[in-house]
Amino acid sequence: MYIFDSVKKEKLLFTPIDGNNVTLYVCGPTVYDDAHLGHAKSSLVFDLLYRVLEANGYSVTYAKNITDIDDKIIKKATELNITIDELTSKYLSAYNKDMDSLGVKRPTLEPKATESIEAMIDMIQKLIDSNHAYITSTDDVYFDTSSDNKYLSISNRHQDESDTMSRVESSSEKKNSTDFALWKGVSDDSVAYETPFGKGRPGWHLECSAMIEKHLKSENSEYTIDIHGGGADLLFPHHENEAAQSRCATKKELAKYWVHNGFVNIDGEKMSKSLGNSFFIKDALKSYSGEVLRFYLLSTNYRANFNFNEEDLIASKKRLDKLYRLKKRLYGMKIVDEKTTFKAELLEALNDDLNVSKAYALIDEMISTTNEVLDANPKDKLIKRQSLSNMEYVRELLGFGEYDAYEYFQFGISEDKKSEIESLIAQRSEAKKEKNFELSDSLRDQISELGVSIMDTANGTLWENS
RNA sequence: GGCGCUAUCGCCAAGUGGUAAGGCCGGAGCCUGCAAAGCUUCUAUCCCCAGUUCAAAUCUGGGUGGCGCCUCCA
């Protein structure tokens, strides 16, 4: 397969460091608030990458970290007058719930920062011992960026510009303006860990490097892991700094390939915590099923910015609907594994740097072909078997088609409303039987007003949420 | 100011040297009591200018527009 390396800025043939084993590390959430559509996009992109790697036969160890100790967390817990653990547990389970709704497979490892303190301390100690880090009078430990001659090679920047343009509040004890905190000294009685270099808390960038070293490192290679991923905004400074501290502590480059996903904008505007226009996943899930959201958010190139808006989402849903209508058409049949060209083409499309657009086009064509054949010959067993098997492959590889075909079209409809609809449909069927079309049409109008469209088939009248 | 991304049909969006995928919307038709669904069919020469080439949406140069990172952020 091919993936686009955002450091080398070209599409590269993917070859794992260690034979058939692949290590993938993605920067996960800081659990102090609900997850927004940006988290969804990133999780979905790397979930897809994970699935495609596995479909290629690789044995993948996929780690996504959970940041559960951090200044923002402490601030919020203090405001709410709850413990840090109460806060992070709450938002971690909310996060997992959202991810489950989106059909995101759980990573192999989900290490928490608070469970990796020792690994962080070890790494800091190494950096101090090798003069890549220094301690200030307030027990902060800074990474000395001038000690790394490859610093800024990940984000392709120049030192002078970072110096002059950096808007980071500069500590007077920093040797270079780009130096960053590995450890923040704590003098009061807030949350802190005891270390050989004083009481304090981990800095922003450290946990990823430490966790990678602890959980994923490969032994005999110039690289530590295969793929490191995250949102495009993390390229600098986060990944630059991770790469620097790892390089200096381990004498290896952190990752062989770097993959970054584009942003999600809302109606043309950047979404961010500071702008306060975050669109939470849980809110989107009130109106649309997780799979519709998944299908929509994955529908374009993962590197491009994604402009979220409801009209596009609805158009996207109509596309997914077609898959479910076919699933309905083949309802109740047993899935048998069939070798088809569709499957090979689908994997080939995704192997080309996750070309989802092409994959969607292939799915659409597969659906059309099946419908066409079934229209001509409704009893064609071969096309049914192949089509079912194809859909099963789509489900495994892309996560589309997980729901029951009938339940999918009944999303968000209450039980009361369902029985009301069923009752109206029964009345309409009676009227139709008596050829009272005036009555049956008016009943259909009533049903439409409930936001439901109906379709008469050989198997009776079916209905869908419209 | 530095670095970078991007401009394809009304909308979303592939394609990165060989003569424009797919979806949504819309028109026509088949099917249907009528519909819906499904099927058939119709709709772009790729922001502008110049250049390279037998050949460019695809490469080069110059414009113009949109966006991002450089600050916590996916």
Side-chain angles (χ1 to χ4, degrees), chain A residues 6 9 11 26-30 32-33 35-46 70-72 152 155-158 160-169 178 204 229-238 240 260-265 268-275 278 296 299-301 303-307 309 311-322 325-326 328-329 349 352 355-365 367-376 378 432 435-438 440-441 444-445 447-448 452-457 461-464 466:
Chain A
S6 38
K9 298 190 192 304
K11 207 191 274 184
V26 175
C27 294
T30 301
Y32 73 107
D33 202 351
H36 54 62
L37 293 175
H39 294 110
K41 172 84 183 177
S42 184
S43 292
L44 287 168
V45 165
F46 291 102
D70 154 275
D71 289 351
K72 295 188 292 291
L152 300 179
S155 58
N156 262 309
R157 278 158 214 271
H158 309 289
D160 56 336
E161 94 203 20
S162 299
D163 274 349
T164 52
M165 297 313 296
S166 177
R167 279 174 268 171
V168 185
E169 195 181 317
T178 46
W204 176 30
D233 54 335
L234 298 180
L235 191 52
F236 187 87
H238 187 51
E240 187 69 59
H260 291 91
N261 66 276
F263 285 96
V264 177
N265 296 331
E269 265 200 26
K270 183 190 159 159
M271 171 176 61
S272 77
K273 282 171 188 170
S274 52
L275 285 177
S278 296
Y296 175 49
S299 67
T300 70
N301 183 293
R303 279 180 277 117
N305 284 348
F306 188 95
N307 187 31
N309 69 80
E311 294 91 87
D312 291 349
L313 196 165
I314 290 165
S316 199
K317 177 185 180 299
K318 286 180 181 170
R319 199 172 186 179
L320 181 59
D321 285 352
K322 296 195 297 183
R325 292 213 182 89
L326 181 58
K328 221 190 241 180
R329 199 169 182 176
D352 181 17
N355 191 334
V356 176
S357 291
K358 194 167 181 189
Y360 281 29
L362 287 166
I363 293 168
D364 287 326
E365 281 159 14
I367 294 168
S368 293
T369 305
T370 307
N371 278 323
E372 190 187 342
V373 174
L374 287 179
D375 279 1
K432 273 183 53 166
K435 305 245 187 257
N436 186 346
F437 295 122
E438 205 173 312
S440 75
D441 286 352
R444 181 167 57 203
D445 290 343
I447 295 167
S448 298
V452 168
S453 58
I454 58 174
M455 42 205 67
D456 296 327
T457 75
T461 300
L462 307 180
W463 62 273
E464 291 182 358
S466 60

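This structure is a prediction, so every number in the text was calculated from the model and none was measured. In the text below, chain A, chain B and the rest are named by the order of the sequence lines, each starting its count at 1.
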Peer 1: What pair of heavy atoms forms the shortest contact from L362(A) to A349(A), and how long is it?
Peer 2: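 Scanning both residues completely, I find the closest heavy atoms to be CD1-CB, 4.0 Å.
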Peer 1: Write down the partner of A50(B) under the Watson-Crick or G-U wobble criteria, each distance required to be under 3.5 Å.
Peer 2: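 Looking at the geometry, A50(B) pairs with U60(B).
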Peer 1: What nucleotide among G38(B), G33(B), A37(B) has an atom nearest to a side-chain atom of R329(A)?
Peer 2: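 Looking only at heavy atoms from C-beta outward on R329(A), the closest nucleotide is G38(B).
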Peer 1: State the OG1-CG distance between T369(A) and D364(A), to the nearest 0.5 angstrom.
Peer 2: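 So the OG1 of T369(A) and the CG of D364(A) are separated by 10.5 Å.
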Peer 1: Nearest whole angstrom, please: distance from the C1' of C31(B) to the CG of D375(A).
Peer 2: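 So the two atoms are 9 Å apart, to the nearest Å.
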Peer 1: Ignoring hydrogens and angles, are the base of C5(B) and the side chain of R303(A) linked by a donor-acceptor pair under 3.5 Å?
Peer 2: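 Between C5(B) and R303(A), which were checked side chain against base, a qualifying N/O pair under 3.5 Å is absent.
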Peer 1: Just compare A74(B), G38(B), G33(B) and give me whichever is closest to any side-chain atom of N371(A).
Peer 2: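 Selected nucleotide: G38(B).
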Peer 1: Which nucleotide, A74(B), C11(B), G33(B), lies nearest any side-chain atom of K432(A)?
Peer 2: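 Nearest to the side chain of K432(A) among the choices is G33(B).
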Peer 1: Could you state the interatomic distance from CD (E240(A)) to CG (N156(A)), rounded to the nearest 0.5 Å?
Peer 2: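 Reported value, rounded in 0.5 Å steps: 8.5 Å.
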Peer 1: Side chain of T300(A), heavy atoms from C-beta onward: which of A74(B), A14(B), C39(B) has the nearest atom to it?
Peer 2: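 In terms of side-chain proximity for T300(A), the closest of A74(B), A14(B), C39(B) is A14(B).
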Peer 1: Where the side chain of E365(A) is defined as all heavy atoms beyond and including C-beta, which of C70(B), A21(B), A74(B) is the nearest nucleotide?
Peer 2: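 Minimum distance to the E365(A) side chain belongs to A21(B).
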Peer 1: Would you say the side-chain atoms of Y296(A) pair up with the backbone N or O of I314(A), donor to acceptor, closer than 3.5 Å?
Peer 2: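 It does not hold such a pair.
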Peer 1: Let me know the distance between CD of E372(A) and P of A37(B), rounded to the nearest Å.
Peer 2: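 Going from CD in E372(A) over to P in A37(B) covers 18 Å.
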Peer 1: Could you give me the CA-CA distance, side-chain angles and deciding distance for T370(A) and R329(A), then say whether side-chain contact (heavy atoms from CB on, under 4.5 Å) is met?
Peer 2: CA-CA 10 Å; T370(A) 307; R329(A) 199 169 182 176; over 6 Å; no
Peer 1: H238(A) has an atom NE2; how far is it from atom P of A74(B), in whole Å?
Peer 2: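 Atom-to-atom, H238(A) to A74(B), this comes out as 9 Å.
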Peer 1: Between K11(A) and D352(A), is there a salt bridge with N-O shorter than 4.0 Å?
Peer 2: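 Between K11(A) and D352(A) there is a salt bridge, with a charged N closer than 4.0 Å to a carboxylate O.
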Peer 1: Where the side chain of S42(A) is defined as all heavy atoms beyond and including C-beta, which of A35(B), C70(B), A74(B) is the nearest nucleotide?
Peer 2: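 The closest nucleotide is A74(B).
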Peer 1: Relative to the 5' end of RNA chain B, which residue comes earlier, F437(A) or A232(A), by the nucleotide with the nearest heavy atom?
Peer 2: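 Result: F437(A).
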Peer 1: Kindly say whether, by distance alone, the side chain of D441(A) makes a donor-acceptor pair under 3.5 Å with the base of G33(B)?
Peer 2: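 Checked by distance alone, the answer is yes.
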Peer 1: Between protein and nucleotides 56-61 of chain B, what N or O pairs are separated by less than 3.5 Å?
Peer 2:
none

Peer 1: Measure NZ/K358(A) against C1'/G15(B) and give the value in whole Å, please.
Peer 2: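 About 9 Å, once rounded to whole Å.
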Peer 1: Rounding to a whole Å, what distance do you find between D321(A):CG and A36(B):P?
Peer 2: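 Checked: the CG to P distance equals 16 Å.
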Peer 1: Heavy atoms from C-beta onward define the side chain here; which of A74(B), A35(B), G4(B) lies closest to that of D456(A)?
Peer 2: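 Comparing A74(B), A35(B), G4(B) against the side chain of D456(A), the answer is A35(B).
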Peer 1: Write down the distance between CD (E438(A)) and C1' (A35(B)), rounded to a whole number of angstrom.
Peer 2: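 Atom CD in E438(A) sits about 16 Å away from atom C1' in A35(B).
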Peer 1: Here's one to test your reading of the geometry: is the NZ or CZ of R157(A) within 45 degrees of the ring axis of F236(A) and under 6.0 Å from its centre?
Peer 2: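 Judged by the rule (NZ or CZ under 6.0 Å from the ring centre, within 45° of its axis), R157(A) counts as positioned above F236(A).
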Peer 1: Can you name the residues that form a side-chain hydrogen bond (donor to acceptor under 3.5 Å, both in side chains) with N355(A), not counting sequence neighbours?
Peer 2: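 Testing N355(A) for side-chain hydrogen bond (donor to acceptor under 3.5 Å, both in side chains), a comparison that skips the adjacent residues, returns none.
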Peer 1: Quick one: on RNA chain B, does L234(A) or A304(A) contact a more 5' nucleotide (nearest heavy atom)?
Peer 2: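 Residue closer to the 5' terminus by nearest nucleotide: A304(A).
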Peer 1: Does the base of A37(B) carry an N or O that pairs as donor and acceptor with the side chain of R325(A) under 3.5 Å?
Peer 2: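 No such pair is found, so the answer is no.
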Peer 1: Could you tell me the separation between the CD1 atom of I454(A) and the C1' atom of C34(B), rounded to a whole number of Å?
Peer 2: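 These atoms are roughly 11 Å apart.
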Peer 1: What is the distance, rounded to the nearest whole Å, between atom CG of N261(A) and atom P of G68(B)?
Peer 2: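 Nearest whole value for this atom pair: 16 Å.
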Peer 1: Salt bridge (Lys or Arg N to Asp or Glu O under 4.0 Å) with E464(A): which of K322(A), K317(A), K328(A), K318(A)?
Peer 2: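 Considering K322(A), K317(A), K328(A), K318(A), a salt bridge (Lys or Arg N to Asp or Glu O under 4.0 Å) with E464(A) is found only for K328(A).
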Peer 1: Report the base-pairing partner of G29(B) (Watson-Crick or G-U wobble, both distances below 3.5 angstrom), or none.
Peer 2: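 Across all strands, the one nucleotide that pairs with G29(B) is C39(B).
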Peer 1: Compare the minimum distances between each of A13(B), C72(B), C70(B) and the side chain of S357(A), then state the nucleotide with the smallest one.
Peer 2: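 The closest nucleotide is A13(B).
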Peer 1: For D233(A), check salt bridge (charged side-chain N to carboxylate O under 4.0 Å, His left out) against everything at least two apart and list the hits.
Peer 2: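 In terms of salt bridge (charged side-chain N to carboxylate O under 4.0 Å, His left out), with neighbours along the sequence ignored, D233(A) is linked to no residue.
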Peer 1: In Å, rounded to the nearest 0.5 Å, how long is the span from OG of S155(A) to NE2 of H238(A)?
Peer 2: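 Answer rounded to 0.5 Å: 13.0 Å.
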Peer 1: R325(A) vs N371(A), test: side-chain contact (heavy atoms from CB on, under 4.5 Å). Steps then yes/no.
Peer 2: CA-CA 10 Å; R325(A) 292 213 182 89; N371(A) 278 323; over 6 Å; no
Peer 1: Would you list the protein and nucleotides 23-25 of chain B atom pairs, both N or O, that sit under 3.5 Å from each other?
Peer 2:
residue, atom, partner, partner atom, Å
G23(B), O4', R319(A), NE, 3.2
G23(B), O4', R319(A), NH2, 3.4
G23(B), O3', K322(A), NZ, 3.3
C25(B), OP1, K318(A), NZ, 3.2

Peer 1: Please determine whether a side-chain nitrogen or oxygen atom of N305(A) lies at a distance below 4.0 Å from atom OP1 or OP2 of U6(B).
Peer 2: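 Result: no.
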Peer 1: What is the pairing partner of U71(B), taking Watson-Crick or G-U wobble pairs with both distances under 3.5 Å in any strand?
Peer 2: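 Looking at the geometry, U71(B) pairs with no nucleotide.
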Peer 1: If we call it a pair only when both distances are under 3.5 Å in a Watson-Crick or G-U wobble match, what pairs with G10(B)?
Peer 2: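 Paired with C24(B).
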Peer 1: Between N261(A) and F306(A), does a side-chain contact (heavy atoms from CB on, under 4.5 Å) hold up when you go through it step by step?
Peer 2: CA-CA 10 Å; N261(A) 66 276; F306(A) 188 95; over 6 Å; no
Peer 1: Would you give the length of the straight line joining atom CG of D441(A) to atom NZ of K432(A), rounded to the nearest 0.5 angstrom?
Peer 2: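 Rounded to the nearest 0.5 Å, the CG-NZ separation comes to 9.5 Å.
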Peer 1: Distances for protein N/O vs nucleotides 43-46 of chain B N/O pairs under 3.5 angstrom?
Peer 2:
none

Peer 1: Mind listing the N/O atom pairs, protein and nucleotides 17-19 of chain B, below 3.5 Å?
Peer 2:
none

Peer 1: Got a second to check how far I447(A)'s CD1 is from I454(A)'s CD1, nearest 0.5 Å?
Peer 2: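 Between atom CD1 of I447(A) and atom CD1 of I454(A) there are 4.5 Å.
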Peer 1: Does the base of C67(B) carry an N or O that pairs as donor and acceptor with the side chain of N307(A) under 3.5 Å?
Peer 2: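 Per atom types, no contact qualifies.
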